[in-house]
Amino acid sequence: MKNISWGILGTGSIAAKFATALQSVEGCSLTAVASRSDSRAKEFADRFKAEKAYGSYEELAGDQDIDVIYIAVPHTEHKNTAALCIQNNKAVLCEKPFTLNVKDSEYLINLAREHKVFLMEAMWTKLLPANLRVKHWIDDGRIGKVLHIKASFGFHADFDINSRLYNPALGGGALLDVGVYPISYATFLLGKMPDNIVSRAIIGKSQVDEQNVIILQYKDNVLADLSSSISAEIGNDALIVGEKGIIKVERFWMASSARLYDNKYQCLDTFDEPFRANGYEYEAEEVNRCLREGLLESPFNPLNVTLDNMKIMDEIRAKWGLIYPQEQFTKSS
Ligand SMILES: NC(=O)c1ccc[n+]([C@@H]2O[C@H](COP(=O)([O-])OP(=O)(O)OC[C@H]3O[C@@H](n4cnc5c(N)ncnc54)[C@H](OP(=O)(O)O)[C@@H]3O)[C@@H](O)[C@H]2O)c1
């Protein structure tokens, strides 16, 4: 089995979780990490026993020993850092949301295709065993035709204009940070795009959405009722209601269990399987598998679906009139 050499770009909170997960995955190693600062790179490399520490992202992208780079920087930096890696012919696993908007996503996807390198959004939720089982139950017809999906992801974070969550210059707001999960979940389970979108948001004092509600209406009388928040604890569960039954997934975005009921709430099946590490190992394994098989995208998490979810988010933001500073510049240039 070919050993896959990973690099991690960025040394923040998710980078540390991913590095922890990588330690549990066979056939790969964390070879190098990169930060904007030498000392942070060194500290992170020491902590996770990476061979090399770079004080610039460019050095990591140019390292000939690296097969794939995990992009773990704020949303606004995804496009440029992923492009840097792709231009250096590195495979890329890029954190969610893939980019700020559809235009930037298309740019990255085209660039990866041009350079013939692997590219995937790190939508780890879709690769969790519990959620793969949920999808299996649906595809097997265990709840009949899906009629309704309800999913939310929200928490309270104190307002801080400097934080990634509230700062518009870093792509702040609930939709891009956590709303991407219920939207991706609905697309994953239903396998289709909505025909109609209704949405409202509370735009806070830093001009990003602190809360939102989203209704996606699909053909054949299917509805998804989704919400997200960075200011309110609105719950993290998903309910998938079909003609014959119901599936409940607690904390769906990081699910390790799921329950299948009939229409009278008699439990028919369950799935319970603790993560081997912290849940991020499954996306790492999928990338390793794709690279060994010479695939340029994951069949479980393909780029056209990432793009579909970005289209939904662009349409929602257009309805609210939420434009990020980077987009205002792009528009007038
Ligand atoms: N999959 C998940 O469960 C999950 C969870 C949390 C976050 N995320 C995603 O991962 C990305 C990073 O989130 P995070 O929570 O890890 O953020 P974070 O803790 O703020 O870390 C981001 C890192 O990016 C680097 N960076 C580069 N440009 C930056 C800039 N202009 N401002 C601030 N930091 C910058 C910094 O590392 P250096 O200074 O060392 O270069 C920083 O430590 C986001 O896109 C987020 O949506 C995913």
Side-chain angles (χ1 to χ4, degrees), residues 7-22 32-48 50 53-61 69-82 84-85 92-101 104-105 108 120-128 131 153 155 157 160-185 208 228 230 236 251-256 275 277-284 286-287 301 306 309-310 313 324-326:
I8 295 185
L9 190 151
T11 57
S13 71
I14 193 63
K17 286 183 187 159
F18 188 78
T20 303
L22 266 190
V33 301
S35 166
R36 295 168 301 170
S37 115
D38 281 327
S39 61
R40 277 199 301 276
K42 170 104 184 44
E43 207 176 290
F44 194 93
D46 288 348
R47 185 171 160 208
F48 293 103
Y54 292 120
S56 81
Y57 298 155
E58 287 76 11
E59 286 173 279
L60 174 66
I69 296 178
Y70 170 60
I71 305 288
V73 290
H75 320 337
T76 45
E77 312 305 313
H78 290 181
K79 179 191 169 195
N80 288 342
T81 52
L84 171 71
C85 299
V92 166
L93 173 64
C94 180
E95 259 310 333
K96 42 57 59 177
F98 194 53
T99 57
L100 275 191
N101 53 43
D104 291 353
S105 294
L108 280 187
M120 183 175 107
E121 181 186 23
M123 183 40 73
W124 64 305
T125 297
K126 288 166 61 173
L127 296 158
L128 296 175
N131 285 327
F153 186 170
F155 54 86
D160 173 3
I161 184 63
N162 296 315
S163 89
R164 193 175 68 63
L165 293 176
Y166 285 97
N167 188 343
L170 293 176
L175 179 71
L176 292 190
D177 199 66
V178 284
V180 64
Y181 283 99
I183 290 170
S184 299
Y185 203 58
V208 300
S228 59
I230 53 170
N236 293 281
R251 292 186 298 171
F252 76 93
W253 63 279
M254 55 172 297
S256 58
F275 299 145
N278 57 11
Y280 298 98
E281 59 274 25
Y282 304 104
E283 63 180 359
E286 173 61 0
V287 174
N301 190 17
T306 293
N309 292 322
M310 290 304 311
M313 293 197 290
Y324 288 103
Q326 294 82 350

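Counting convention: from 1, in listed order, for ligands and their atoms alike. Each residue takes its place number in the sequence, starting with 1.
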* Near E77, which atoms of ligand 1 are under 4.0 Å from a heavy atom of that residue? -> 28 (N), 31 (N)
* Just let me know how L176 lines up against ligand 1, side chain, backbone, both or neither, with a heavy-atom cut-off below 4.0 Å. => neither
* To do: Provide, to 0.1 Å, the distance between atom 11 (C) of ligand 1 and the closest protein heavy atom, together with that atom's residue and name.
  => V73 O, 3.2 Å
* Under-4.0 Å heavy-atom contact with ligand 1, by part of H75 that carries it -> both
* Identify, for atom 25 (C) of ligand 1, the protein heavy atom at the shortest distance, and state residue, atom and that distance. => Y57 OH, 3.4 Å
* Structure fact -> The answer for which part of Y181 has a heavy atom under 4.0 Å from ligand 1 is side chain
* Identify the closest protein heavy atom to atom 6 (C) of ligand 1: which residue and atom is it, and at what distance? -> I14 CB, 3.9 Å
* Asked: Any N or O of L170 that comes nearer than 3.5 Å to an N or O of ligand 1?
  -> no
* Structure fact -> Looking only at protein heavy atoms, what sits closest to atom 39 (O) of ligand 1 is R40 NH2, 2.6 Å
* Is the shortest distance from a heavy atom of F44 to ligand 1 less than 4.0 Å? -> no
* To do: Indicate yes or no for a side-chain donor-acceptor contact from E77 to the backbone of V73 under 3.5 Å, with no hydrogens or angles considered.
  => no
* **Any side-chain donor near an acceptor of the partner, N278 and K17, under 3.5 Å** => no
* To do: Would you check whether M123 reaches within less than 4.0 Å of ligand 1, judged by its heavy atoms?
  => no
* **Numbered atoms of ligand 1 (with element) below 4.0 Å of Y280, judged on heavy atoms** => 1 (N), 2 (C), 3 (O)
* From W124 CH2 over to I14 CD1, what is the distance, rounded to the nearest 0.5 angstrom? -> 7.0 Å
* Asked: W124 heavy atoms, cut-off 4.0 Å: which ligand 1 atoms fall inside?
  -> 1 (N), 2 (C), 3 (O)
* Asked: Considering K96, E283, E121, which one's heavy-atom position lies nearest to atom 9 (C) of ligand 1?
  -> K96
* Of the protein's non-hydrogen atoms, which lies at the shortest distance from atom 15 (O) of ligand 1, and what is that distance? -> S13 OG, 3.0 Å
* At what distance is the nearest protein heavy atom to atom 20 (O) of ligand 1, and which residue and atom is it? -> R164 CD, 4.0 Å
* To do: Could you walk me through whether R164 and D177 pass side-chain contact (heavy atoms from CB on, under 4.5 Å), step by step?
  => CA-CA 9 Å; R164 193 175 68 63; D177 199 66; 2.8 Å; yes
* To do: Spell out, as yes or no, whether a donor-acceptor pair under 3.5 Å connects the side chain of H78 to the backbone of P97.
  => yes
* Asked: When the ring planes of Y181 and F153 are compared, do they come out parallel, tilted or perpendicular, using 30° and 60° as the limits?
  -> tilted
* Quick one: does Y70's side chain have a donor or acceptor within less than 3.5 Å of a partner on E95's backbone? -> no
* Asked: Just by distance, do the side chain of N131 and the backbone of F252 share a donor-acceptor pair under 3.5 Å?
  -> yes
* List the steps and the verdict of side-chain contact (heavy atoms from CB on, under 4.5 Å) for V180 and E121. => CA-CA 11 Å; V180 64; E121 181 186 23; 4.2 Å; yes
* **Any Y70 heavy atom less than 4.0 Å to ligand 1** => no
* Can you check whether F48 reaches L22 side chain to side chain, under 4.5 Å on heavy atoms? -> no
* Mode of K17 contact toward ligand 1 - side chain, backbone, both, neither (heavy atoms, under 4.0 Å) -> neither
* Asked: Any heavy atom of S37 sitting closer than 4.0 Å to ligand 1?
  -> no
* Going through the checks in order, is the side-chain contact (heavy atoms from CB on, under 4.5 Å) test met by T125 and S184? -> CA-CA 9 Å; T125 297; S184 299; over 6 Å; no
* Asked: Can you tell me the protein heavy atom closest to atom 29 (C) of ligand 1 and the distance?
  -> R36 NH1, 3.2 Å
* Would you check whether A122 has a nitrogen or oxygen atom less than 3.5 angstrom from a nitrogen or oxygen atom of ligand 1? => no
* To do: Starting from atom 40 (O) of ligand 1, locate the nearest protein heavy atom and write down its residue, its atom name and how far away it is, to 0.1 Å.
  => T11 OG1, 2.4 Å
* Residue selection (non-hydrogen contact nearest atom 24 (O) of ligand 1) among G12, G171, G279, P74 -> P74
